[in-house]
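Notes follow once the structure below has been shown.
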Amino acid sequence: MNTFGKRVKTSRIEKGISRKQMAKALHISERSISYWENNKRECNFDTLLKLSNYLDESIDYLLGNSDF
């Protein structure tokens, strides 16, 4: 599994957040989140910033450049 997709999914699940909750908070579709988690698409930079803040994870961590 791609690092980004795996880390988004793992972080979301560990925090007890559903795809529906995350989609609503980020103003995106659940399908977009599914695409990321299954490595079918990547998000744009603006969404990556929002995702990082929402999940309280660094961008470097989400992209696999850091382990924390």
Side-chain angles (χ1 to χ4, degrees):
M1 184 181 264
N2 172 318
T3 302
F4 174 73
K6 182 178 180 180
R7 289 188 174 183
V8 168
K9 184 174 185 175
T10 299
S11 182
R12 177 181 63 76
I13 291 170
E14 285 177 353
K15 291 171 175 41
I17 301 168
S18 70
R19 282 182 181 162
K20 185 174 187 171
Q21 291 170 312
M22 193 160 85
K24 186 175 181 178
L26 298 176
H27 305 287
I28 58 173
S29 70
E30 288 180 60
R31 180 172 279 173
S32 292
I33 296 166
S34 176
Y35 284 150
W36 302 338
E37 291 180 352
N38 292 295
N39 304 308
K40 295 186 180 206
R41 294 197 181 150
E42 296 178 355
C43 65
N44 64 40
F45 185 73
D46 290 335
T47 305
L48 179 61
L49 287 173
K50 291 177 189 176
L51 182 62
S52 172
N53 288 327
Y54 182 72
L55 292 175
D56 194 29
E57 302 285 4
S58 73
I59 290 174
D60 279 337
Y61 172 77
L62 292 174
L63 296 177
N65 296 327
S66 168
D67 288 333
F68 50 93

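Please read all numbers here as calculations on a predicted model, not as lab measurements.
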Would you give the length of the straight line joining atom [atom1] of [X] to atom [atom2] of [Y], rounded to the nearest 0.5 angstrom?
X: E14; Y: K9; atom1: CD; atom2: NZ; result: 12.5 Å
X: R12; Y: W36; atom1: CZ; atom2: CH2; result: 11.0 Å
X: F4; Y: E37; atom1: CZ; atom2: CD; result: 9.0 Å
X: E30; Y: M22; atom1: CD; atom2: CE; result: 10.0 Å
X: I28; Y: L51; atom1: CD1; atom2: CG; result: 7.5 Å

Partner residues of S32 under the side chain to side chain donor-acceptor pair (under 3.5 Å) criterion, sequence neighbours left out: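 Residues passing side chain to side chain donor-acceptor pair (under 3.5 Å) with S32: S29.
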
Test item: L55 and Y61 side chains (from C-beta on) under 4.5 Å apart, heavy atoms: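 No, too far: nothing below the 4.5 Å cut-off.
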
Listed once per pair and sorted, the salt bridge (Lys or Arg N to Asp or Glu O under 4.0 Å) pairs that draw on residues 56-68, sequence neighbours left out: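 Every pair satisfying salt bridge (Lys or Arg N to Asp or Glu O under 4.0 Å) with a residue in residues 56-68: R7-D67, K15-E57.
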
Residues clustered with Y35, ILVMFWY side-chain links under 4.5 angstrom: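 Via sub-4.5 Å side-chain contacts, Y35 links to none.
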
Side-chain hydrophobic cluster, 4.5 Å single linkage: members besides I13: none

Pairing residues for E42 by the side-chain contact (heavy atoms from CB on, under 4.5 Å) criterion, not counting sequence neighbours: none

Test side-chain contact (heavy atoms from CB on, under 4.5 Å) applied to K50 - qualifying residues, sequence neighbours left out: L26

Identified side-chain contact (heavy atoms from CB on, under 4.5 Å) partner of L48 from the options N53, V8, L62: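 That would be L62; it is the only one of N53, V8, L62 passing the side-chain contact (heavy atoms from CB on, under 4.5 Å) with L48.
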
Main-chain N/O of D46 paired with N44 side-chain donor or acceptor, under 3.5 Å: yes

